[in-house]
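This report concerns only the one structure given below.
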Amino acid sequence: EVCLILFFWGFFICCQRYLQITNQSYLFDVDLIEGDRLVPERANEQLEYLNSLEENIKDSALVDILTSSLRRYALTKNIESAANSIEPAIETLSIKNENELYMLKYVSWAIPSIGFLGTVRGIGQAMSQAKEAIGGDITPMTSSLGVAFNSTFVALIVSVILMLFISFIQNLQDQQLVKIKEYVERYL
């Protein structure tokens, strides 16, 4: 039961993260920096425009990185300085993404361990019924052994499935980082 609860909790978090990433993917098709050429005088206008966007758009990773680059460009009036601020921002986002998955990775590791605890408990319960099995009634002992091995089986299956979802989310996050870098290089 604990393994299944942890699996559904992890699955819920994966779904939440998937929706968050996919709901913001349309931003890569929108030119948030309007105009053909960005000049230092327009950088503050662009910053105001980005700050006036809706909250869910403003909170996206793409807008965060654009905002920090534009702020650097407005201060230094040097496009190289703005470009140099992109790499650290993407690295920071990568670390943030990794930290968001840390607990899920731990849970996917812990599920089989919890399943093995169920196995040990079931085998212990089966061994306590050995006297009855020697007497000829093996039903209680085999029932306990069935629970023991089922707990390991269920734990391993849900752990593998959860790791698949986590890998899928991590791949989406990595693709998002690549798209952000391409977007900033293309538009900024």
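Connectivity analysis of hydrophobic side chains (ILVMFWY, heavy atoms under 4.5 Å, direct or indirect) links Leu145 to Ile123, Met127, Met141, Phe149.
Under the salt bridge (charged side-chain N to carboxylate O under 4.0 Å, His left out) criterion, no residue pair touches residues 152-168, with sequence neighbours excluded. Annotation: salt bridge (charged side-chain N to carboxylate O under 4.0 Å, His left out) contacts involving residues 149-165, sequence neighbours excluded, are absent.
Scanning both residues, Asn84 and Pro88, for their nearest heavy atoms gives O-CD, 3.1 Å. Across Ala61 and Gln24, no two heavy atoms sit closer than the pair N-OE1, 4.3 Å. Shown here for Asp59 and Asp64, the closest heavy-atom pair between the two residues is O-OD2, 4.1 Å. Taking every heavy atom of both residues into account, Ser68 and Ala89 meet most closely at OG-CB, 4.5 Å.
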Side chains of residues 154-178: which donor-acceptor pairs under 3.5 Å do they make with residues two or more places apart or in other chains?
| unit_1 | atom_1 | unit_2 | atom_2 | d |
| --- | --- | --- | --- | --- |
| Ser159 | OG | Ser108 | O | 2.8 |
| Ser167 | OG | Met163 | O | 2.9 |
| Gln170 | NE2 | Glu98 | OE1 | 3.1 |

Hey, can you pull the donor-acceptor pairs under 3.5 Å for the side chains in residues 12-20, sequence neighbours left out?
| unit_1 | atom_1 | unit_2 | atom_2 | d |
| --- | --- | --- | --- | --- |
| Arg17 | NE | Glu100 | OE1 | 3.0 |
| Arg17 | NH1 | Gln20 | OE1 | 2.6 |
| Arg17 | NH2 | Asn97 | OD1 | 3.1 |
| Arg17 | NH2 | Glu100 | OE1 | 3.4 |

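With sequence neighbours left out, Tyr183 forms a ring pair (Phe, Tyr, Trp, His ring centres under 6.0 Å) with Tyr187. Residues satisfying the ring pair (Phe, Tyr, Trp, His ring centres under 6.0 Å) test with Tyr106, not counting sequence neighbours, are Trp109. Remark: Thr139 engages Asp137 in a side chain to side chain donor-acceptor pair (under 3.5 Å) (not counting sequence neighbours). Listed by chain and number, the residues in a ring pair (Phe, Tyr, Trp, His ring centres under 6.0 Å) with Trp9 amount to none (sequence neighbours excluded). Scanning for side chain to side chain donor-acceptor pair (under 3.5 Å) contacts around Thr67 gives an empty result, with sequence neighbours left out. In terms of the side chain to side chain donor-acceptor pair (under 3.5 Å) criterion, residue partners of Glu87 (sequence neighbours excluded) are, by chain and number, Lys181. Take Lys58 and apply the side chain to side chain donor-acceptor pair (under 3.5 Å) test, not counting sequence neighbours, and it matches Glu55.
A 4.5 Å side-chain heavy-atom check between Val2 and Ile111 finds every atom pair outside the cut-off. Here the side chains of Ile180 and Phe28 are in contact, with some heavy-atom distance below 4.5 Å.
Linking Ile, Leu, Val, Met, Phe, Trp and Tyr whenever their side-chain heavy atoms come within less than 4.5 Å puts Tyr49 and Ile57 in one cluster. Linking ILVMFWY side-chain heavy atoms closer than 4.5 Å, directly or via other members, places Ile90 and Leu101 in two distinct hydrophobic clusters. Residue Leu104 is not grouped with residue Leu93 when hydrophobic side chains (ILVMFWY) are merged at heavy-atom distances under 4.5 angstrom, including chains of intermediate members. Cluster membership for Leu47 and Leu62, using ILVMFWY side-chain heavy atoms within less than 4.5 angstrom, is shared. Put simply, Ile5 and Phe116 are part of two different groups of oily side chains (I, L, V, M, F, W, Y) that touch within less than 4.5 Å, one to the next.
With hydrogens and angles ignored, the 3.5 Å screen pairs no side-chain donor or acceptor of Ser69 with any backbone N or O of Ile86. Panel note: side chain Ser144, backbone Pro140; a donor-acceptor pair is recorded below 3.5 Å. Distance alone, capped at 3.5 Å, places no donor-acceptor pair between the Lys131 side chain and the Ser128 backbone.
Here CG of Asp31 is found 12.0 Å from CG of Leu27. Values are rounded to the nearest 0.5 Å. Taking CG from Asn150 and CZ from Phe153, the interatomic distance works out to 8.0 Å, rounded to the nearest 0.5 Å. Here the OG1 atom belonging to Thr142 is positioned 9.0 Å from the CD atom belonging to Gln129, to the nearest 0.5 angstrom. Note: Ile138 CD1 to Ser143 OG = 11.5 Å, rounded to the nearest 0.5 Å.
Counting heavy-atom neighbours within 6.0 Å of Tyr26 OH, excluding the residue itself, gives a total above 12.
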